[in-house]
Amino acid sequence: MDEPTPTDQEQSRRDRAIAAFWADARIRGKLNRIEVYAGGQVSDTLPPPAWSFGDEDDPATADRLLDLVLDGRKTATASAYRDYEEEARQRGAGPAGDAPGDTLTRAEVGLDLALPEPGLLSIILDGSGQPRALVRITDVQVCRFADVTEEHARLEGEGDQSLEEWRAVHRDAFAATAPHGEPVDDDTLVVLERFEVLVPASARRAARRHT
């Protein structure tokens with residue numbers, strides 16, 4: 001048998017860390033079996049999806065935004081709708097059970113989109129890939145870039161929390177990942193998520209002070 005490569009070893013350590021975090025978070029978050037979702041099915045053992053903010057090669061952004069979550073200042077996030085279209089293309093428009101979330105079919109492009117939905121759990125990682133928070137989605141909306149509200153910008157907790165800054169930052173961020181140089185304009189679709197922190201409890205209490 002081949003010895004694990006450093007990458008394999010690192011991934012194995014991360015998997016064990018996530019599994020240990022999940023085992024503890026399920027208890028501290030007071031989750032029962034019905035409330036736990038992972039992989040599109042109810043589970044009380046399999047950890048939910050784990051991810052970090054920003055790009056994989058930008059640990060500073062991952063840590064900065066995670067800190068806002070832990071401080072209770074960030075209870076919302078946003079992503080480009082077309083990112084879900086690209087994921088659907090990469091999956092080859094597979095069965096809806098391949099990914100958690102709502103499945104939305106756009107007839108004009110023939111894609112099945114696995115969008116987030118209220119109730120889904122996820123583990124937020126820091127810039128080094130370590131699990132730091134368990135969150136649950138409370139609300140999901142799809143809207144035009146121009147229709148994002150001041151309230152949502154405030155809930156994202158970044159910068160001066162103004163809508164103007166939100167638009168400037170996200171216009172650049174969405175443009176950086178746009179396929180084929182597609183523009184980011186008022187009609188660009190955006191997926192808006194609100195979430196609550198279940199673990200650590202200190203972040204949940206801090207979020208209440210900022211509402």
Side-chain angles (χ1 to χ4, degrees), residues 3-79 83-84 87 91 97-102 114-140 155-158 173 191-211:
E3 292 185 1
T5 65
T7 299
D8 293 334
Q9 293 174 350
E10 179 180 358
Q11 185 61 52
S12 178
R13 285 195 296 270
R14 289 185 179 181
D15 289 345
R16 290 196 298 271
I18 289 171
F21 176 88
W22 172 236
D24 179 64
R26 284 170 46 216
I27 298 173
R28 289 197 288 152
K30 300 179 181 179
L31 299 171
N32 60 45
R33 296 183 62 180
I34 296 177
E35 291 178 314
V36 178
Y37 288 81
Q41 59 185 345
V42 177
S43 171
D44 61 352
T45 57
L46 184 66
W51 51 272
S52 59
F53 289 105
D55 298 329
E56 292 182 358
D57 58 352
D58 189 4
T61 294
D63 287 337
R64 177 175 60 83
L65 297 182
L66 171 63
D67 285 345
L68 291 176
V69 171
L70 297 178
D71 288 342
R73 298 180 182 277
K74 183 175 182 64
T75 56
T77 190
S79 53
D83 290 347
Y84 295 93
E87 289 176 0
R91 292 198 311 272
D98 287 353
D102 287 333
L115 295 174
E117 64 181 32
L120 290 180
L121 303 174
S122 60
I123 295 171
I124 303 181
L125 309 175
D126 63 19
S128 65
Q130 294 302 303
R132 297 290 303 281
L134 176 68
V135 301
R136 175 164 50 199
I137 297 173
T138 59
D139 184 70
V140 179
L155 292 175
E156 288 219 22
E158 301 178 42
V191 180
L192 306 179
E193 299 178 48
R194 297 186 185 184
F195 56 84
E196 61 179 345
V197 180
L198 301 180
V199 176
S202 57
R204 184 171 66 250
R205 291 191 296 267
R208 295 195 186 107
R209 293 195 296 269
H210 291 285
T211 57

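These numbers come from the heavy atoms of this one structure, side chains and all, not from hydrogens, waters or symmetry mates.
Looking at D126, its side chain does come within 3.5 Å of a backbone N or O of S128 through a donor-acceptor pair. The backbone N or O of G127 lies less than 3.5 Å from a partner atom in the side chain of D63, making a donor-acceptor pair. For R204 (side chain) and L198 (main-chain N/O), a donor-acceptor pair under 3.5 Å exists by modelled atom type. When atom types are taken as modelled, the side chain of T75 and the backbone of E196 share no donor-acceptor pair closer than 3.5 angstrom.
The shortest non-hydrogen separation linking L121 to P48 is O-CB, 3.4 Å. Contact between L68 and G157 at its shortest, heavy atoms only, is CD1-O, 3.5 Å. The minimum heavy-atom distance between L134 and A25, with the atom names listed, is CD2-CB, 3.9 Å. The two residues A62 and S52 come nearest to each other via the heavy atoms CB-CB, 4.0 Å. Nearest approach of A114 to Y84, heavy atoms of both residues: O-CD2, 3.4 Å. Scanning all heavy atoms of the two residues, the minimum distance from A50 to I18 falls at CB-CD1, 3.8 Å.
Side-chain contact check for V140 versus L115: every heavy-atom pair is 4.5 Å or farther apart. At least one side-chain heavy atom of L120 sits under 4.5 Å from a side-chain heavy atom of E117.
Take A173 and apply the side-chain contact (heavy atoms from CB on, under 4.5 Å) test, not counting sequence neighbours, and it matches no residue.
Cation-pi geometry between K74 and F195 is not satisfied (NZ or CZ under 6.0 Å from the ring centre, within 45° of the ring normal).
Annotation: the span from T77 atom OG1 to E158 atom CD amounts to 7.5 Å, rounded to 0.5 Å.
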